[in-house]
Amino acid sequence: MTDPTPTDDAPVCSSRGCRAPAVWALRWNNPRLHVPDRRKTWVACPAHRGSLGDFLEARGFLREVAPLPGSHTLEA
Ligand SMILES: [Zn+2]
């Protein structure tokens, strides 16, 4: 039981198994499941922004990527 506990005010990367702080919001929509103006959001750390974005983009789901509000550690 030595796992660090993520704090509530620090969003954690949506990539499976990753606990890094997220600094990007990837907004996406699956046209087969969602109405056109619906947005799902994944959040990503710098290391996974590319892989998560590629996953969504390859399926035609990705709509926009934006820096997470409140992030002070953003590295472009
Ligand atoms: Zn990550």
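Counting convention: from 1, in listed order, for ligands and their atoms alike. The first residue of the sequence shown is numbered 1, and numbering continues consecutively from there. Owing to the predicted nature of the structure, the values given are computational and were not obtained by experimental measurement.
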Notebook entry, point to check: Under the side-chain contact (heavy atoms from CB on, under 4.5 Å) test, which residues partner Arg59, sequence neighbours left out?
Noted result: Phe55, Phe61

Notebook entry, point to check: With sequence neighbours left out, what residues match Asp54 under side-chain contact (heavy atoms from CB on, under 4.5 Å)?
Noted result: none

Margin query: Which of the protein's N, O or S atoms come within less than 2.8 Å of the Zn ion (ligand 1), not counting waters?
Written below: Cys13 SG, Cys18 SG, Cys45 SG, His48 ND1

Notebook entry, point to check: Are Leu56 and Trp42 close enough that some pair of their side-chain heavy atoms sits under 4.5 Å apart?
Noted result: yes

Check: What closest approach, in Å, do Thr41 and Arg27 show between heavy atoms, and which atom pair accounts for it?
Finding: OG1-NH1, 3.5 Å

Checklist line | Heavy-atom pair with the smallest gap, counting every atom of His34 and Asn29 | finding: CB-ND2, 3.4 Å

Only distances under 3.5 Å count here; give the side-chain donor-acceptor pairs of residues 44-51 to other protein atoms, sequence neighbours excluded, each with its distance to 0.1 Å.
unit_1 : atom_1 : unit_2 : atom_2 : d
Ser51  : OG     : His48  : O      : 3.4

